Each structure stands twice: as C-alpha cells, then as structure tokens.
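Following: one structure in structure tokens, then a few remarks.
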Amino acid sequence: MAYTIEGSTGAWEVVVGLEVHAQVISKSKLFSGAATAFGAAPNSQVSFVDAAFPGMLPVPNREAIAQAVRTGLGLAAEINLVSRFDRKNYFYADLPQGYQISQFEHPIVGKGVVDIALADGSTKQVGITRLHLEQDAGKSLHDQHPTKSFIDLNRSGVALMEIVSEPDIRSPEEAGAYVKKLRSILRYLGTCDGNMEEGSLRADVNVSVRKAGEAYRTRCEVKNVNSVRFVMQAVEAEALRQIAVWESGGTVEQETRLFDANRGETRPMRSKEDAHDYRYFPDPDLLPVVLEQSWVDALKAALPELPDAKQARFIREYGLSPYDAAVLVAEQATAQFFEAVASGRDAKLAANWVTGDFFAALNRTGRSIENPPITAAALGRLLDLMADGTINGKIAKEVFEAMLDSGEDPAAIVDARGLRQVTDTSAIDAAVDAVLAANPEKVAEYKSGKDKLFGFFVGNVMKAMAGKGNPALVNAALKQRLG
Ligand code: MN
C-alpha cells in the first residue's frame with residue numbers, strides 16, 4: 001500500500017528526489033595533480049590550481065572522467081560523448097576561485113535507472129536524471145580559534161559526481177533504500193568508497209507533499225545529509241513540517257534547509273536560488289569533453305558484475321531466496337566470502353551459516369568481512385564435517401564457537417574435544433533404552449496418542465549422548481522402540 005501521512009485535512013503523499021554528491025575515487029583532483037587522501041594535514045594537498053592562483057590553468061583528470069563514465073554505465077544510463085564544463089559562480093570563503101567548475105547544460109551522463117527492493121518484497125525503479133562532474137570546495141574550520149576561522153583547501157578541487165534522481169521516491173523507506181542501493185553500486189564499481197562519515201557520499205534531499213492526483217507543490221531542499229538513517233528521518237520531518245504549513249493556511253516557500261539530527265527537525269539555511277542566480281557559462285579554460293565510443297565500450301567491457309546481476313545469479317545458481325541473495329550481494333566482499341564457502345557445497349546451508357552465525361560473530365567481535373574472525377576456507381571445512389557425517393548440526397555450532405575462540409581448524413577441535421558424531425547403533429540403542437526405561441509414564445502417554453512427546457524423547461537421548469548422536473539414527477531407533 002502506498003505510503004501517506006495523515007493530516008487534519010486527510011492523507012498527504014510525500015514526493016522526494018535526491019541529489020547525491022559522491023567523491024570520485026582517484027589519486028588526484030579533477031583539474032590538478034594534488035593528492036586526495038583523507039585525513040592529511042590541513043593545506044598539505046593543495047596545488048596552485050586548487051588555490052586559484054592567477055594564471056593557473058585546469059587540466060582534466062582522465063581517470064576522474066573514466067570513473068564518471070563507469071558510474072553512468074553502472075546506472076544503465078546514457079553516456080554523452082560530448083559534454084562541457086561550466087562555471088557556477090558564487091562566493092564562499094573556502095572557494096578561492098569564486099566559482100565552481102561544474103557541468104550544467106551538457107552533463108557527461110544522462111538518464112539512467114536504479115532498482116530498489118522494499119521490505120514488502122516489491123521492487124521499484126527510481127529514475128536517474130543525470131550525473132555530472134564538478135569540483136568540491138574547501139572547508140572552513142570555525143572551532144580551532146576563539147575569534148578566527150581557518151580554511152583548509154585539501155578538499156578544494158576534489159572530483160565529485162553529482163547524481164540527480166527523478167522525483168520518483170514516495171516514502172522515507174524508499175529514500176533510504178535508494179541511497180543504500182546507489183552506495184552499493186558505487187562501491188562495486190570502485191568509483192566512490194561510499195563512506196558517509198568521512199563525507200565521501202552526502203545527499204541533498206528534495207521534499208514536497210501533495211494530495212493524491214495533484215501536480216507537484218513547492219519543494220524544499222535539505223542539504224548535506226550524511227547517513228541513510230538521517231536521510232529517512234529528514235524526509236519524514238520535512239514532510240510533516242510542510243503538511244503543518246499547508247494545513248494552517250500557509251504557503252511552503254522554496255528554500256534550502258538543514259537537518260538537525262539531535263532535534264529531528266529541519267531548519268532554514270537560505271532562500272533557494274535558481275539556476276540563473278549562478279550565472280553559469282562555459283569555462284573558457286576548458287575544451288568540451290569528447291569521448292570515443294570505443295573507449296566507452298572498453299570501460300563497459302571491464303565493469304564488474306553488479307549487485308542486481310549477482311543477486312539474479314545467486315538465485316539461479318545457488319537456489320537462494322531473493323532476500324538471502326540481496327543480503328549476500330549488498331557488499332562485494334560478502335558475496336565473495338559466501339561464494340568461497342558455497343563452492344562445491346550445499347549453497348543453501350552455506351548461506352544460512354554466513355548470514356546467521358557468521359554475521360553474528362562479525363557483530364560480536366567488531367570485525368569486518370575483509371578481516372574476518374573465521375576464514376571462508378575454515379567455515380567451508382566446518383560445513384564439510386557436517387556433510388560427511390563427522391558432526392551433526394548442533395555440535396557444529398559448538399565447534400564454530402571454539403573456532404572463534406581459538407582460531408583452530410574445525411577438524412582439530414572435533415578430535416581434541418571428542419565431538420565426533422556417534423553412528424554406532426548399539427550405543428544409540430543403549431541410550432534410547434535407558435531414556436525409555438527412565439520415563440515409563442511418558443512412554444504410556446505417547447502410546448496412547450500423544451505424538452508430540454516424540455521430541456521429548458529425541459531431546460533426552462541426545463542429551464544422554466552429549467549432543468553427539470546422529471539425529472537420523474536416533475530418530476529411527478526411537479521410532480522402532482516406540483512401535
Ligand atoms: Mn553540486
């Protein structure tokens with residue numbers, strides 16, 4: 001069912017479009033050779049171009065352009081073989097040029113699409129309007145001195161991709177799913193690290209509200225939201241604010257706002273300027289960007305398998321549910337780990353162990369999939385011990401915990417602790433007889449039709465065998481004895 005917010009005048013639909021700024025993974029900046037590494041000492045990665053010294057000329061970074069094209073291809077978007085850089089004029093203390101080199105009328109990437117999956121199992125397409133390349137600005141530091149502001153130009157000139165969506169998003173959930181999916185695609189492509197805490201990925205959230213069937217009403221832009229959770233909260237907070245304005249007889253004014261995560265509300269930043277306020281014009285220092293189709297084709301041929309294609313393959317090849325497959329493909333490293341465990345084994349069982357006990361172990365130990373507490377090879381060997389009947393599934397959990405604690409190989413743990421599954425039928429029969437002899441009244445109840453008691457007997461036999469009985473053989477022996 002469509003998401004709406006109930007106001008005093010009835011249901012309101014929420015309309016959202018996102019502009020995501022994604023920092024391009026590239027060793028140097030968009031128009032200079034200065035480095036881009038995060039966390040460097042202030043102003044240690046600034047060339048004369050980035051500091052806008054008179055007479056300096058920008059030179060486009062071929063790799064940054066390739067990254068934008070790869071991203072466009074990953075978003076199933078049109079690649080524009082001719083694009084152009086424009087100057088977007090505005091004043092900021094941390095923008096020494098007095099303008100940002102961006103792309104306005106002729107972006108490098110045109111219309112594309114992102115598929116998002118929703119909690120109710122449905123999927124939805126969100127249109128991409130465009131992707132353009134532009135420079136980042138520097139950073140003003142206001143908390144270093146009681147009366148002075150400092151400027152750090154390390155970020156000045158760093159390549160950004162601005163990825164603009166169509167206003168296709170209709171709920172906080174869809175907004176969150178869109179940012180997550182976009183981030184996943186960028187990380188697969190290796191074009192942006194998606195690190196929202198470090199500011200490599202930040203979202204401007206355009207929100208408006210309307211009654212069903214209406215044309216779009218005025219929107220407001222919530223600037224620089226830096227986590228998926230905050231994007232979702234910002235959509236809801238801003239929609240609620242606008243509904244209150246309309247319902248009290250007021251008018252929503254187009255403006256740029258900030259999201260205050262502590263208060264869970266948006267507040268005004270500045271009245272929104274229109275494109276003509278920036279006095280865009282083609283940058284006279286730069287030629288148009290002209291790409292050869294063969295170069296684009298070569299980049300396309302070298303793209304990795306992307307999340308949607310990988311998910312479809314996991315469903316097809318491994319028989320996974322769409323949900324399990326989606327969880328496993330969200331990060332490339334997780335998908336790789338799963339495939340290493342599943343290779344030549346029961347894939348469904350591998351998926352259960354990776355998304356279950358293994359993910360829980362990552363959380364508990366605070367480790368990452370890149371530096372896992374148990375390797376894919378070791379987890380695979382644990383699965384092998386179950387497959388060949390050396391241990392049963394219950395004992396496998398115990399061995400898994402021991403692997404986490406000791407880092408030892410599963411087979412060594414099984415031997416050292418004597419955890420081998422008991423398949424000796426005389427030992428199993430003896431345990432069954434002992435349990436039945438100790439519970440004559442339960443046996444009588446079972447025989448009078450209380451079938452549910454079978455589980456009680458299985459549990460007690462397994463307990464008597466320290467969990468090591470072969471479950472199939474224990475079941476068979478009990479069935480036979482209980483007639
Ligand atoms: Mn921008």
Side-chain angles (χ1 to χ4, degrees), residues 117-121 123 177 180 184 188 305 307-414 417 419-423 455 458-459 462-463 466-475:
L118 301 170
D120 65 3
T123 58
K180 272 197 237 172
S184 173
Y188 264 76
E305 182 182 40
D308 288 342
K310 204 183 276 293
Q311 184 190 10
R313 182 168 63 78
F314 279 15
I315 293 169
R316 193 176 65 238
E317 274 182 22
Y318 298 117
L320 301 186
S321 69
Y323 178 81
D324 280 350
V327 168
L328 289 169
V329 305
E331 291 286 337
Q332 214 164 15
T334 308
Q336 252 164 29
F337 188 96
F338 163 72
E339 289 208 275
V341 177
S343 168
R345 302 190 174 96
D346 177 344
K348 191 76 197 139
L349 187 68
N352 288 343
W353 273 84
V354 171
T355 59
D357 295 75
F358 177 74
F359 277 6
L362 285 184
N363 277 335
R364 229 174 335 130
T365 57
R367 300 272 287 266
S368 68
I369 188 87
E370 288 83 7
N371 176 29
I374 290 179
T375 65
L379 182 55
R381 286 196 293 275
L382 177 65
L383 265 57
D384 290 341
L385 293 176
M386 278 183 272
D388 68 13
T390 306
I391 55 173
N392 64 36
K394 193 155 179 286
I395 291 293
K397 305 251 177 201
E398 186 182 333
V399 176
F400 182 84
E401 290 304 316
M403 290 165 73
L404 269 181
D405 292 339
S406 67
E408 280 181 58
D409 198 66
I413 292 167
V414 169
R417 302 191 179 195
L419 296 173
R420 239 164 230 287
Q421 178 164 251
V422 176
T423 51
V458 171
M462 289 302 270
K463 203 160 143 197
K468 294 185 287 185
N470 175 299
L473 295 177
V474 168
N475 272 285

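Computed from a predicted model, the values in this text were never measured in an experiment.
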Next item on the list: For residues Gly389 and Gln421, report the shortest heavy-atom separation together with the two atoms involved.
Entry: O-NE2, 2.6 Å
Item checked: Contact check, side chains of Leu362 and Pro373, non-hydrogen atoms, under 4.5 Å -> yes
Check: Nearest heavy-atom pair of Ala376 and Ala340: which atoms, and what distance?
Finding: CB-CB, 3.6 Å
Margin query: Restricting to non-hydrogen atoms, name the atom on Ala335 and the atom on Lys310 that form the minimum distance, rounded to 0.1 Å.
Written below: CB-CD, 3.5 Å
Check: Which atom pair, heavy atoms only, marks the closest approach of Asn392 to Gly469?
Finding: ND2-O, 2.9 Å
Notebook entry, point to check: So do Leu379 and Phe400 actually touch side chain to side chain, heavy atoms under 4.5 Å?
Noted result: yes
Next item on the list: Return each pair, listed once, that meets ring-ring contact (aromatic ring centres under 6.0 Å, His included) where at least one residue sits in residues 366-398; pairs must be two or more places apart or across chains.
Entry: none
Margin query: What I want to find out is whether Glu398 reaches Lys468 closely enough, with some N-O distance under 4.0 Å, to be called a salt bridge.
Written below: no
Margin query: List the residues meeting salt bridge (charged side-chain N to carboxylate O under 4.0 Å, His left out) with Asp346, not counting sequence neighbours, and say none if there are none.
Written below: none
Next item on the list: Heavy atoms only: give me the nearest Leu118-Ala177 pair and the separation to one decimal.
Entry: CD2-CB, 4.4 Å
Checklist line | Contacts of type side chain to side chain donor-acceptor pair (under 3.5 Å), residue Asp308, not counting sequence neighbours | finding: Lys181
Check: Counting only heavy atoms not in Lys394, do more than 12 sit closer than 6.0 Å to its NZ atom?
Finding: no
Atom pairs and distances, donor-acceptor, side-chain atoms in residues 404-414, under 3.5 Å, two or more places apart:
unit_1 : atom_1 : unit_2 : atom_2 : d
Ser406 : OG     : Ala402 : O      : 2.7
Ser406 : OG     : Glu408 : N      : 3.1
Asp409 : OD1    : Arg381 : NE     : 2.7
Asp409 : OD1    : Arg381 : NH2    : 2.7

Review item, side-chain donor-acceptor pairs of residues 313-321, under 3.5 Å, at least two apart:
unit_1 : atom_1 : unit_2 : atom_2 : d
Arg313 : NE     : Glu305 : OE1    : 3.4
Arg313 : NE     : Glu305 : OE2    : 2.9
Arg313 : NH1    : Glu317 : OE1    : 3.3
Arg313 : NH1    : Glu339 : OE2    : 2.9
Arg313 : NH2    : Glu305 : OE1    : 3.0
Arg313 : NH2    : Glu339 : OE1    : 3.1
Arg313 : NH2    : Glu339 : OE2    : 3.4
Tyr318 : OH     : Glu339 : OE2    : 2.5
Ser321 : OG     : Asp324 : N      : 3.1

Check: Is Arg367 reaching over with its side chain to a backbone N or O of Pro372, donor-acceptor style, under 3.5 angstrom?
Finding: yes
Note to self: Leu382 vs Ile391, test: side chain to side chain contact (heavy atoms under 4.5 Å, CB included). Steps then yes/no.
What the structure shows: CA-CA 9 Å; Leu382 177 65; Ile391 55 173; 3.9 Å; yes
Side chains of residues 351-359: which donor-acceptor partners sit under 3.5 Å, not counting sequence neighbours?
unit_1 : atom_1 : unit_2 : atom_2 : d
Thr355 : OG1    : Ala351 : O      : 2.8
Asp357 : OD1    : Lys397 : NZ     : 3.1

Item checked: Closest non-hydrogen atom pair, Ala330 against Tyr188 -> O-CE1, 3.9 Å
